[in-house]
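Keep in mind that the numbers below use all heavy atoms, side chains included, and drop hydrogens, waters and symmetry copies. Index from 1, following the sequence. Just so you know, these numbers come straight off a predicted model, no measurement behind them.
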Amino acid sequence: MDKRPEDSLKIENIVASAKVTDHLDLPFIASRLEGAEYDKKRFPGVVVRIKDPKIAALIFNSGKVVLTGAKSLDILDRGLALLSDMLRGLGIEIDGTPTYKVQNIVTSADLGSTINLNKIAVGFNLNKIEYEPEQFPGLVYRLDDPKVVLLLFGSGKLIITGGKYAEDAERAVQKIMSDLQGLGLI
């Protein structure tokens with residue numbers, strides 16, 4: 001049996017947010033954390049790039065942090081725990097073990113064959129797609145369930161963004177395959 005497109009799913013990036021405390025002193029953090037970047041004229045938070053696990057943390061004075069770059073939930077868990085330990089090491093009180101909320105999972109997949117984006121644009125519900133090949137080489141397809149956006153490329157490769165759960169990408173691939181088969185386009 002040929003490989004199913006669902007088998008090619010690969011998480012490229014997870015963005016999550018967490019509240020670690022009620023207030024953070026950004027100039028203090030930037031001056032004490034190695035590699036921290038802070039230029040409030042350019043960005044209102046401190047940027048910390050962690051090497052292991054490979055993840056970036058955006059730290060805001062509200063006590064919120066945004067974690068980006070994780071390729072798995074395990075990396076996200078480790079990244080938040082390490083960031084919490086780094087902040088505690090500066091004498092900042094962090095209650096217990098902070099938990100994060102996933103905001104977006106970006107996943108890639110391969111349908112396994114080339115696709116004709118012009119035919120898809122004609123066959124699909126026009127208020128759910130955007131296709132302007134002069135502007136962007138992919139077709140943008142918005143799904144309601146799961147609530148994600150797919151970027152389809154003629155190569156058969158696709159990007160799924162907007163998901164909150166890893167399963168959203170699998171369901172999106174199953175839906176696009178069903179839609180394309182229903183129109184006889186794959």
Side-chain angles (χ1 to χ4, degrees), residues 1-18 37 39 41-45 47-58 60 64-76 78-79 100-186:
M1 183 178 145
D2 290 334
K3 273 188 73 169
R4 301 173 331 137
E6 297 94 304
D7 298 334
S8 71
L9 287 167
K10 180 181 171 206
I11 293 175
E12 302 293 343
N13 184 24
I14 302 173
V15 178
S17 60
E37 299 168 24
D39 180 351
K41 290 186 191 98
R42 292 183 57 216
F43 184 72
V47 179
V48 178
R49 287 174 177 74
I50 300 170
K51 289 186 176 43
D52 185 23
K54 190 171 181 347
I55 196 167
L58 312 175
F60 299 95
K64 288 189 177 173
V65 297
V66 173
L67 302 165
T68 183
K71 294 189 183 287
S72 71
L73 294 176
D74 178 57
I75 289 172
L76 200 55
R78 289 179 26 224
Y100 58 81
K101 180 176 182 206
V102 171
Q103 303 296 332
N104 183 19
I105 300 177
V106 178
T107 310
S108 63
D110 189 340
L111 296 177
S113 66
T114 59
I115 53 177
N116 185 323
L117 298 180
N118 289 319
K119 286 185 178 177
I120 293 170
V122 170
F124 278 17
N125 182 343
L126 287 178
N127 64 3
K128 299 280 182 199
I129 65 157
E130 293 171 36
Y131 183 52
E132 296 181 44
E134 312 81 32
Q135 304 286 322
F136 180 70
L139 181 142
V140 179
Y141 184 33
R142 297 178 192 289
L143 295 181
D144 292 325
D145 185 28
K147 191 153 182 58
V148 297
V149 174
L150 287 94
L151 305 176
L152 291 124
F153 298 92
S155 64
K157 302 255 192 281
L158 56 101
I159 302 291
I160 302 137
T161 185
K164 306 272 192 224
Y165 307 97
E167 306 81 54
D168 290 345
E170 187 169 343
R171 289 179 46 225
V173 168
Q174 291 166 346
K175 170 89 170 99
I176 194 70
M177 288 299 292
S178 171
D179 290 353
L180 291 172
Q181 288 165 343
L183 293 171
L185 297 175
I186 199 166

### Task
To the nearest 0.5 Å, tell me how far I55 CD1 sits from L76 CG.
5.0 Å
### Listed partners of R78 passing salt bridge (Lys or Arg N to Asp or Glu O under 4.0 Å), at least two apart
D52, D74
### Task
State which residues pass side chain to side chain contact (heavy atoms under 4.5 Å, CB included) with V122; sequence neighbours excluded, sorted by chain then number.
none
### Query
Nearest 0.5 Å, what's the CZ-CD distance between R4 and Q174?
7.0 Å
### Residues which pass ring pair (Phe, Tyr, Trp, His ring centres under 6.0 Å) with Y165, listed by chain and number, not counting sequence neighbours
none
### Query
Counting heavy atoms not belonging to K64, are there more than 12 under 6.0 Å from its NZ?
no
### Task
For S113, enumerate each residue passing the side-chain hydrogen bond (donor to acceptor under 3.5 Å, both in side chains) test, keeping only those at least two apart in sequence or located in another chain.
none
### Query
Among V106, L73, I105, I160, whose side-chain contact (heavy atoms from CB on, under 4.5 Å) with I11 holds?
I105
### Summary
The side-chain hydrogen bond (donor to acceptor under 3.5 Å, both in side chains) partners of S108 (sequence neighbours excluded) come to E12
### Query
Pairs in or reaching into residues 176-186: which pass salt bridge (Lys or Arg N to Asp or Glu O under 4.0 Å), with residues at least two apart or in two chains?
K175-D179
### Summary
Contacts of F124 meeting ring pair (Phe, Tyr, Trp, His ring centres under 6.0 Å) (sequence neighbours excluded), chain-then-number -> Y141
#### Entry: Considering all heavy atoms, the nearest P146-A172 contact
CG-N, 4.0 Å
#### Entry: With sequence neighbours excluded, residues passing salt bridge (Lys or Arg N to Asp or Glu O under 4.0 Å) with E130
R142
### Message
Going by side chain to side chain donor-acceptor pair (under 3.5 Å), name the pairs with one or both residues in residues 145-158, residues two or more places apart or in two chains.
### Response
D110-K157, D145-R171
#### Entry: Contacts of K128 that satisfy side-chain hydrogen bond (donor to acceptor under 3.5 Å, both in side chains) - sequence neighbours left out
D144
### Summary
Nearest heavy-atom contact between L111 and M177 is CD2-SD, 3.4 Å
### Query
Of all heavy-atom pairs between D168 and G163, which one has the smallest distance, and what is that distance?
OD2-CA, 3.5 Å
### Message
Using 0.5 Å steps for rounding, measure from the CG atom of L117 to the CG atom of L139.
### Response
5.5 Å
### Message
Holding to side-chain hydrogen bond (donor to acceptor under 3.5 Å, both in side chains), I want the full list of residues that pass it with T161, two or more places apart in sequence or in another chain.
### Response
N104
## Note on the structure
The ring pair (Phe, Tyr, Trp, His ring centres under 6.0 Å) partners of F153 (sequence neighbours excluded) come to F136
### Query
What's the spacing between L180 CG and I115 CD1 if we round to 0.5 Å?
6.0 Å
## Note on the structure
CG of L9 to CD of E167, rounded to nearest 0.5 Å, is 11.0 Å
### Query
What is the minimum heavy-atom distance between G79 and P53, and which atoms define it?
N-CG, 3.7 Å
### Task
Can you see which heavy atom on K71 is nearest to which on I75, and at what distance?
N-CD1, 4.2 Å
### Message
Quick one, Y131 and N118 - any side-chain contact, counting heavy atoms below 4.5 Å?
### Response
yes
### Query
Under the side chain to side chain contact (heavy atoms under 4.5 Å, CB included) criterion, do L158 and V173 qualify, and how do the steps go?
CA-CA 9 Å; L158 56 101; V173 168; 4.2 Å; yes
